[in-house]
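Keep in mind that what you see is a predicted model, and the values were worked out from it rather than measured. In this chain, numbering begins with 1 at the start of the sequence shown.
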Amino acid sequence: MSKFGAMKQQRTERAKAVEPTLPPPAVEGAPARAAARQGKKAVSAYFSPEVSRGLNVLAAENGITLQALMGEAIDLLMRQYGKHPFGER
């Protein structure tokens with residue numbers, strides 16, 4: 001057996017010896033989701049590093065998460081356009 005063949009065999013044996021620590025997904029082929037993300041959809045956008053840094057600093061200064069800060073911003077935007085805010089934080 002070649003050097004690389006032996007390395008591959010060792011890697012395979014080690015992988016078999018290690019038990020998986022995560023439970024399998026509920027639906028075959030579907031990724032597992034955190035309980036807090038069940039029934040929710042991601043909303044994202046791309047901004048400059050300065051905007052990202054500023055939002056993270058603002059969230060840290062106020063002791064809230066970036067997600068809560070963005071929820072507050074979306075609620076303010078909805079009110080500005082005469083729509084009902086969602087209040088998700």
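Here M70 contributes atom CE and L66 contributes atom CG; the two are 6.5 Å apart, rounded to the nearest 0.5 Å. The structure places CD of E72 at 13.5 Å from CD of Q67, a figure rounded to the nearest 0.5 Å.
No side-chain heavy atom of K83 sits less than 4.5 Å from a side-chain heavy atom of R79.
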Residues 50-60 side chain polar contacts: donor-acceptor under 3.5 Å, at least two apart:
| unit_1 | atom_1 | unit_2 | atom_2 | d |
| --- | --- | --- | --- | --- |
| E50 | OE1 | S48 | OG | 3.3 |
| N56 | ND2 | S52 | O | 2.8 |

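Other residues sharing the hydrophobic cluster of I74, ordered by chain and number and joined by side-chain separations under 4.5 Å: M78, F86. Under a 4.5 Å side-chain heavy-atom cut-off, the cluster of Ile, Leu, Val, Met, Phe, Trp and Tyr residues that includes L77 is completed by Y81.
Heavy-atom minimum distance, T65 versus A68: OG1-N, 3.0 Å.
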